[in-house]
Amino acid sequence: MKYISTCLLLFLLANFASAQSIGLPFSRYYSSQEYQGGIQNYAITQNAAGLLYVANNYGLIEYDGTTWRRYALPSGAKVRHVQVDASGAIYVSGQGDFGTFLPTARGQLTFESLKTELPDEIKNLEEVWKVFVTGENLFFCTYERIFVFDKNRKFQYSLESERSFESFHLSNNILLVNEIGGGLKKLQDGALVSLTNQGFFGNHLVTGILQMGLNSYLVFTRDNGLFTMNGGLVEPWESLGNLTINAALMLRNGTIAIATQLQGLLLVDTNGKVLMKLNNDNGLNNNSIVSLFEDLSGNLWLGHNNGITMVQLSLPFTRINQFSGLTGTGYHATFFNNKFYYGTNNGVYVQENGNNGLSQISLIKNSTGQAYQIKAIQNHLLIAHNDGAFMIEGNSAKRIEGPGGVWNFQTLRGRQDLILVGSYNGLHLFQIDGANIRYLRQIKGFNESSRIIEQDDKGNIWVAHGYKGLFRIQLDTQLESATVTYFGQESGLPTNILNNVWRINNRLVFTTQAGIFRYNEIENKFERDDFFSPYFEPEFLAHYLVEDQMGNIYFIGETETGVLEKKVDGSYTKHFQVFNKLLPILNDDLQNISTIQGNEVLFGANEGFIRFSLNENTYQPSAFPTLIRAVYITGATDSLIFGGNKYPINTQSQNGILKIPYKKANIRFESSNPVPNNEKDLRFQYWLEGLEPGYGDWIEKREKAYTNLREGNYTFHAKSKNLYGEISEVASYSFEILPPWYRSKAAYFVYFLILVLVTYLIYRIIEKRYQKKEQLIKSASTKVIQEKDTELKNTQAQFEKLKTEKLKQEIQLKDKELAAATMHLITKNGFIDHMRNNLNAITKKSKNQEVKNEIQKVIKNIERNFSGDQDWEQFEIHFDQVHGDFMSRFKKEYSSLSPQEIKLSAYLRMNLSTKEIAYLMNISIRGVEIARYRLRKKLNLERSDNLQEYILKF
């Protein structure tokens, strides 16, 4: 319970302290030259993607977190007011016109006037001062009339003023107007209904109306102060002085922002207490504020009569610098006796936290010069200074006799009356003597610079030297001399440089270039401290560690800064992303974090200090999407093909895919992220799908160019990472590179036809060549065949010739044999005939009848055997062989022929004479002729036909 009570008390104190917040918020001023517009900025708004729009006297100004763009009305007139609806449509009102800016298919904003929707009799307009957007209606306001449109931008009706409208306001989607002489009225059921019975504000210019409750309003007038209006009752509110109020805005945290004409910005609570003033004296470039807007990230935008300022109220940081009255680089600070003390290289400054708030910061007398530490010890406030040790008394610093160049103070462990002092040349002892502090002596045996010192539970003094290593010092019992033990790399330290020692969780920890270590007394060496392993990388280099009264551990590292917030259960939560903003502006000489009170610290900065309150660390950076803000076709002159505006954001229809000619396939993309005041810290990753395998490295350049792209479909992807390490939603843009004419579909079709034709021609040529070759081969073959055939024919001819010759020879031989046989027959028949004739002669001469009879028998026997001679058969065989089976064919053709006629035909075939035939047939010549005659008859020959020729041809 005691622990919980203590925590609760500290928490309440912290809340009280935060209510009395010190320092000024971070801010950024944009001049008219920077946003390239007119000096006056009448209204500011923002769309869901984070794009900021400003009604400017040069037109509509657009800001994407990196660049500014300006869009003019067709007439070039001023834009008086701007609002954005849920779809992203931008509504503007201006001189003589009103309407909406909408993106074209190529993402370029163009103005579409809605004045054309009005009836002709009320189209003649002068100034259209305000435009308001609700879920159901659009209101465009002039001093004479209010034009009411529905959400589809169709004109519904108009309301005419009885006298003249003077100001217009929208509260909780209700249109409120102040009419000269008529007072405040609200639009209800198509008519204006008075809010006050007396028309109280009829002669006051109302510049702001904030709804505080049901039928309860806080009304701001330009010159007559502030009023509460509850029902019909109007009463003055808290007086804030003589202010000229131009606008008022209720912030999301309940704070009221008031824009003034001459005194800058006031932030007040709902009780009228001033929480902060920002003006020319403490950071604003211009005291005249015309318009107010709180963006999605909690930043407050101020539209000046000349320029624009962004105030980062949502950050848990405030700055204490020259605008607060503090000069120099911050080294150390403390909170003592309800006063803040700031030590810089110019001296020590003080600021009192009184009942009326924070006082002006002033310099402590006699403290001029480099101050390293301000520390309260037993109700004494001491300054460790370049010139030595000082003690603050009242509003002045008094030097304490002793060494020059003092780094720090610590109460010596076990001796509350002694102060251990680290100096440029070793350790010294001071003694507290009542109201005074006096110098005792320097501790002998150690003369090294002792900027960082800590004491362990045994009273050993540890000194960290920036480039020599660590020293452990044990004092003798008289506290006069020291026994020094040196620790370097041989003791487990990674190097001898950048080693420091700190007291965290009531024990010593040692930070090195290779991480955070602890000392193992048993083994007398350093080893890695596992306590920090869940929160830091093993090689994390910490330059500074400090623990506040609540047990939170703040750190400054080489790559990150932050706090390990201690939870009730003793665990820690690491916060570091929000601190990334501090890294480039922290003191890079001697890093320092000063604990002021529970959950509140001051970081030493290059200019003064930066206050951080863990209680106020509710900042959540808006996760704005990456935006592709422009796409150009590059060349001798760049050509814009996409202007970066799409609704919904980062969408692209299939019909919206641009087709780019091949000869213009050089393209450049510009990207952004609308996180304000972050342009120097944005990092981008790009990927051209269709060309690259994936995203590249994170780079600072917000543009990416590609040249000589081949034909095909591409999608460009861009994603961004802000200062806080958050990776935003990816933006994509698809496009198509058309092929060159010689690689187009038509060309490929022609190529196909040409290919078919060429293939056909080649085929024909090859075929002709083949045919020609085939013909040649065929000719050659034919020639060869012919030659072979000729050769064969010759061979055959020769063979036939040889065969013929052989046949001839055989025929000749047969003929010879036949002739010989024939001659033999003829000779034989002749001989027989001669013998018969001789026998007949003998018979005639012989007288012997018996001899005659015998001779007659012989003659008859000769005649009887003469025709049946065996030689005829032999003759017939030879004859057929010589004359091609003449006998067989002739017998087959003329089967009626007698053997004698066959023989006659054979003899005629042999071209024998009649006489020879007569011999062979053993008949007379006359018998041969008769036989010839009969044969002609049987052969059916004509008279003119030659029998022998016929037989020779058969």
Side-chain angles (χ1 to χ4, degrees), residues 37-45 53-61 70-84 89-101 109-134 137-150 153-170 175-187 190-192 201-209 221-223 246-247 261 288 290-291 303 305:
I39 58 174
Q40 289 184 314
N41 300 285
Y42 304 106
I44 305 172
T45 191
Y53 298 98
V54 182
N56 184 268
N57 59 351
Y58 277 13
L60 177 69
I61 306 293
R70 178 163 55 89
Y71 304 93
L73 294 178
S75 63
K78 298 178 181 180
V79 173
R80 295 293 190 181
H81 202 228
V82 59
Q83 291 282 280
V84 178
I90 307 160
Y91 296 93
V92 298
S93 61
Q95 291 179 319
D97 206 349
F98 62 90
T100 179
F101 277 96
L109 288 182
T110 57
F111 179 73
E112 295 182 9
S113 177
L114 292 178
K115 186 173 70 171
T116 56
E117 296 286 327
L118 299 178
D120 291 338
E121 62 273 14
I122 56 175
K123 279 186 178 179
N124 186 19
L125 304 176
E126 291 190 6
E127 295 282 357
V128 183
W129 293 100
K130 294 287 184 181
V131 53
F132 297 110
V133 179
T134 67
N137 294 109
L138 304 171
F139 304 103
F140 296 93
C141 307
T142 71
Y143 284 157
E144 293 79 23
R145 290 180 182 273
I146 298 172
F147 304 107
V148 182
F149 286 71
D150 65 16
R153 306 184 194 113
K154 299 298 182 182
F155 177 70
Q156 299 297 299
Y157 61 92
S158 67
L159 298 169
E160 187 175 4
S161 173
E162 296 178 2
R163 299 176 181 85
S164 177
F165 297 125
E166 191 173 32
S167 65
F168 313 88
H169 313 272
L170 190 70
L175 180 64
L176 304 175
V177 298
N178 188 38
E179 189 175 33
I180 295 176
L184 284 174
K185 298 180 180 180
K186 70 176 179 180
L187 180 60
L192 293 175
F201 296 102
N203 58 351
H204 296 335
L205 176 56
V206 176
T207 54
I209 301 176
T221 66
R222 187 185 66 182
D223 304 309
N246 289 329
Q261 181 66 26
S288 179
V290 177
S291 56
N305 268 322

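No experiment lies behind these values; they were computed from the predicted model shown. Note: hydrogens, waters and symmetry copies are ignored here, and every other heavy atom, side chains too, is used.
Under the 4.5 Å side-chain criterion, counting only non-hydrogen atoms from C-beta, R153 is in contact with L114. For the pair I122 and F155, the minimum side-chain heavy-atom distance is below 4.5 Å. Using a 4.5 Å cut-off on side-chain heavy atoms (C-beta onward), L184 and I209 make contact.
Nearest heavy atoms, V206 versus S167: O-OG, 2.9 Å. Here the closest non-hydrogen pair linking Y42 and V79 is CD1-O, 3.2 Å.
Distance OG/S93 to CZ/R80: 9.0 Å, rounded to 0.5 Å. Atom OG1 of T207 is separated from atom CD of E166 by 10.5 Å, given to the nearest 0.5 angstrom. In this structure, OH in Y91 is found 11.0 Å from CD in Q83, a value given to the nearest 0.5 Å. Atom CZ of residue R70 and atom CG of residue L60 lie 10.5 Å apart, to the nearest 0.5 angstrom. Atom CG of N305 sits about 7.5 Å away from atom CG of N246, to the nearest 0.5 Å. Rounded to the nearest 0.5 Å, atoms OG1 (T100) and CZ (F111) are 8.0 Å apart.
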List the steps, then state whether side chain to side chain contact (heavy atoms under 4.5 Å, CB included) holds for L73 with V92. CA-CA 9 Å; L73 294 178; V92 298; 4.2 Å; yes
Before giving the answer on side chain to side chain contact (heavy atoms under 4.5 Å, CB included), spell out for Y143 and I180 the whole-Å C-alpha distance, their side-chain angles and the decisive distance to 0.1 Å. CA-CA 10 Å; Y143 284 157; I180 295 176; over 6 Å; no
Run the side chain to side chain contact (heavy atoms under 4.5 Å, CB included) test on L125 and F98 for me, step by step, so that the C-alpha distance in whole Å, both residues' side-chain angles and the decisive distance to 0.1 Å come before the verdict. CA-CA 10 Å; L125 304 176; F98 62 90; 3.6 Å; yes
Evaluation steps, side chain to side chain contact (heavy atoms under 4.5 Å, CB included), between F168 and H81: CA-CA 11 Å; F168 313 88; H81 202 228; over 6 Å; no
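Each of E121, E160, E126 was scored for a salt bridge (charged side-chain N to carboxylate O under 4.0 Å, His left out) with R145, with one residue passing: E160. Each of V133, T45, V131, V82 was checked for a side chain to side chain contact (heavy atoms under 4.5 Å, CB included) with I90, and the lone residue meeting it is V82. In summary, of the residues considered (F165, F132, F147), a side chain to side chain contact (heavy atoms under 4.5 Å, CB included) with C141 occurs for F132 alone.
Listed for the K115 side chain is a donor-acceptor partner under 3.5 Å among the backbone atoms of G96. Using modelled atom types, one side-chain atom of N178 and one backbone atom of F201 make a donor-acceptor pair closer than 3.5 Å. Side-chain atoms of E179 do not come within 3.5 Å of backbone N or O of S161 as any donor-acceptor pair.
Relative orientation of the F140 and F149 rings is perpendicular, given thresholds of 30° and 60° on the angle between their planes.
By the 6.0 Å contact criterion, NZ on K154 is open, its count of non-hydrogen atoms from other residues, nucleotides or ligands being 12 or less. A 6.0 Å sphere centred on OH of Y58 holds no more than 12 heavy atoms belonging to other residues, nucleotides or ligands.
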